[in-house]
Every structure is written in structure tokens, then in C-alpha cells.
Amino acid sequence: MFNIILYGPPGSGKGTQSEKLIEAYGLIHLSTGDILRREIAAATPLGLEAKSLMDKGNLVPDAVVVGMISSALDNNPHAKGFLFDGFPRTEAQSVALDQLLADKNTEIGVVLALDVCQKELVKRLLHRGLTSGRPDDVNENIISNRIVEYQTKTMVVANYYSKFDKVVHVKGEGTVETIFESLRSEIDKRLSIK
Ligand code: B4P
């Protein structure tokens, strides 16, 4: 099993690149943002709790997202590997994920970190906001709050995995195809030494 974390600030291209990576490597895509938005659309109690936080650009509680990921892992016992997109977003989520994977005798193979400057992030998200229908994409103050949440709570995730020599930085600016090729080359390097 080969498991990947696609890591980066809001708007760095995680969702975009995930679509291509799961197709290329036959991985199961686990996007906590997508799972939460499905819960919101279905108006479940979890979705209602998450909506008020997400609409403001705040993270939802660790226990909620860890529970969602735990169920998703249990529901896919024959997966070749998982692509985690937008998870983990705090150190507590990272520790919980490592434990969940260890319980299944597997681990994270690589953390691919997409580097994109803040000006470009805001531009992309506002542009997506024109059509996405996502309340967290339309307002520049909410986008700024998402970036602050990333800086204060999520940047530690890269430090955490750096201790295990698992983080690779990839330039997240340029065409979608060029970035995909860079990600692919980093994954293939790791797969060849497995
Ligand atoms: P997410 O759904 O993870 O949203 P995101 O950070 O905006 O990234 P996304 O993957 O959607 O965007 P992408 O960069 O691909 O999270 C939303 C919210 O859910 C969070 O704020 C939080 O409240 C909550 N949440 C989710 N997971 C959580 C967790 N683990 N813990 C707590 N809370 C959690 O793309 C952005 C735009 O850029 C797109 O329009 C795309 O077309 C464009 N783009 C991509 N690549 C490009 C390129 N190379 N050039 C130009 N544009 C590009």
C-alpha cells in the first residue's frame, strides 16, 4: 500500500491535482473538504455543525474529521493506497492518522507540499468563487481567515512529517499539467525505492 498526503494552503491546487493523481495511481481519494460538503448538502447534524465553521473559514474540530477518515479507511479494506487531500490539517490530526494507518500495518509514503504565493491563492479562490457556490470562496476576508488558519494550525503538519523525512516541496504555480508531472516524478522516485 502506498499512501500520499497532498498538502498546501487553501487554493494551492490540492483538489485539482488529486483528481489526476488518483486516476494515475489507482488510489482512493479522501478529501475531508468534499466529505464535509456532502454532509452539509445532506443537512446531517455533522454537516450543520461544520457549515457554520466552514462558512467563516475556520477549521472544524479534530474529532469530527478524524472520525470521518477512520470510517473511510474501514470502508475501503482492499485499497491499493489512499490520497489524503486537505487532511491532516493540525498536528493532532497527523498523530491520529499515523495511528490509524499503523493499526492497518501501513504508513504515509510521502507528503507532497504545494508551494504557492499568497497573492495567487487569493486570486484563484476568488475566481473559483464566481462559479463554485462555496460561501468560503466569495469573500476576501474569509479567504484571508482560511490562510491564517493554515499558517497558525496547519503549517505544523509539514514540520511534523519533516521529522520523518517524508516532505517534498513542489512548485504549485504554473500549468496544471506541469505541476502534475512534478508530483508524478516525486511519487515515482519514492515508489522505485520501496
Ligand atoms: P478544502 O475543501 O480542503 O478546500 P481548499 O483548501 O480550498 O482546497 P481545494 O482543494 O478545494 O482547492 P484547490 O487548491 O484545488 O477545505 C475547505 C474547508 O473545509 C476548510 O476551510 C475547513 O473549514 C474545512 N476542512 C476541510 N478539511 C479539514 C480538516 N482536515 N480539518 C478541519 N477542517 C477541515 O483549487 C483552488 C482553485 O485554484 C480552483 O479554482 C482551481 O481551478 C484553481 N487552480 C488549481 N491549480 C491551478 C493552477 N495550477 N493554476 C491556476 N489555477 C489553479
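For ligands, and for the atoms within them, numbers begin at 1 and follow the listed sequence. For this chain, numbers begin at 1 and follow the sequence in order.
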Decide yes or no for [X] and [Y]: does some side-chain heavy atom of the first lie under 4.5 Å from some side-chain heavy atom of the second?
X: T16; Y: F180; answer: no
X: R184; Y: Y25; answer: yes
X: P10; Y: I143; answer: no

Give the residue and atom name of whichever protein heavy atom lies nearest to [atom], and the separation in Å to one decimal.
atom: atom 45 (C) of ligand 1; result: T16 OG1, 3.2 Å
atom: atom 31 (N) of ligand 1; result: Q93 NE2, 3.0 Å
atom: atom 8 (O) of ligand 1; result: K14 NZ, 3.5 Å
atom: atom 14 (O) of ligand 1; result: G13 N, 2.5 Å
atom: atom 19 (O) of ligand 1; result: M54 CE, 3.2 Å
atom: atom 26 (C) of ligand 1; result: R89 NH1, 3.3 Å
atom: atom 38 (O) of ligand 1; result: R124 CD, 3.3 Å
atom: atom 25 (N) of ligand 1; result: L36 CD1, 3.7 Å

Does the side chain to side chain donor-acceptor pair (under 3.5 Å) test come out yes or no for Q99 and D103, once each step is laid out?
CA-CA 6 Å; Q99 188 57 54; D103 291 346; 3.0 Å; yes
Answer with side chain, backbone, both or neither: which part of [X] has a heavy atom less than 4.0 angstrom from an atom of ligand 1?
X: L53; result: neither
X: R146; result: side chain
X: E173; result: neither
X: V65; result: side chain
X: R134; result: side chain
X: R37; result: side chain

Between S185 and S182, does a side chain to side chain donor-acceptor pair (under 3.5 Å) hold up when you go through it step by step?
CA-CA 5 Å; S185 132; S182 307; over 6 Å; no
Salt-bridge criterion met for E120 and R124 (N-O under 4.0 Å)
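R124 and E120: salt-bridged.
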Run the salt-bridge test on D55 and R134 with the 4.0 Å N-O cut-off and return the result as yes or no.
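Judged by the 4.0 Å cut-off on N to carboxylate O distance, D55 and R134 do not form a salt bridge.
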Pull out every atom of ligand 1 sitting under 4.0 Å from any heavy atom of [X], numbered as shown with elements.
X: I179; result: 49 (N)
X: G86; result: 27 (N), 28 (C), 29 (C), 30 (N)
X: V60; result: 32 (C), 33 (N)
X: N58; result: 22 (C), 23 (O)
X: G174; result: 48 (C), 49 (N), 50 (N)
X: F87; result: 30 (N)
X: S12; result: 14 (O)
X: R128; result: 7 (O), 9 (P), 11 (O), 12 (O), 13 (P), 35 (O), 36 (C), 39 (C), 40 (O)

Working note: R128 + D136, criterion salt bridge (charged side-chain N to carboxylate O under 4.0 Å, His left out); need CA distance, chi angles, decisive distance, verdict.
CA-CA 10 Å; R128 184 172 67 185; D136 58 343; 5.8 Å; no
Count I, L, V, M, F, W, Y as connected when their side-chain heavy atoms are under 4.5 Å apart, and connections chain through other members. Are L59 and V64 then in the same cluster?
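The answer is no; the residues belong to distinct hydrophobic clusters.
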Hydrophobic clusters here meaning ILVMFWY residues chained together by side-chain heavy-atom distances under 4.5 Å, can you tell me if L101 and I35 are in one?
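Linked within one cluster.
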Can you find an N or O of T175 that's nearer than 3.5 Å to an N or O of ligand 1?
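No; every N/O pair is 3.5 Å or more apart.
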Any idea how Y160 and F164 line up, ring-wise: parallel (<30°), tilted (30 to 60°), or perpendicular (>60°)?
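Ring orientation of Y160 relative to F164: perpendicular.
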Show the numbers, then the answer: is there a salt bridge (charged side-chain N to carboxylate O under 4.0 Å, His left out) between K153 and E91?
CA-CA 8 Å; K153 297 177 183 166; E91 181 156 340; over 6 Å; no
With K166 as the cation and Y161 as the aromatic partner, state whether NZ or CZ is under 6.0 Å from the six-membered ring centre and within 45° of the axis.
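Judged by the rule, K166 and Y161 form no cation-pi pair.
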Which one of G11, G172, G8, G15 has a non-hydrogen atom at the shortest distance from atom 10 (O) of ligand 1?
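That would be G15.
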Out of curiosity, L121 CG to C117 SG, how far, rounded to the nearest 0.5 Å?
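Answer rounded to 0.5 Å: 6.5 Å.
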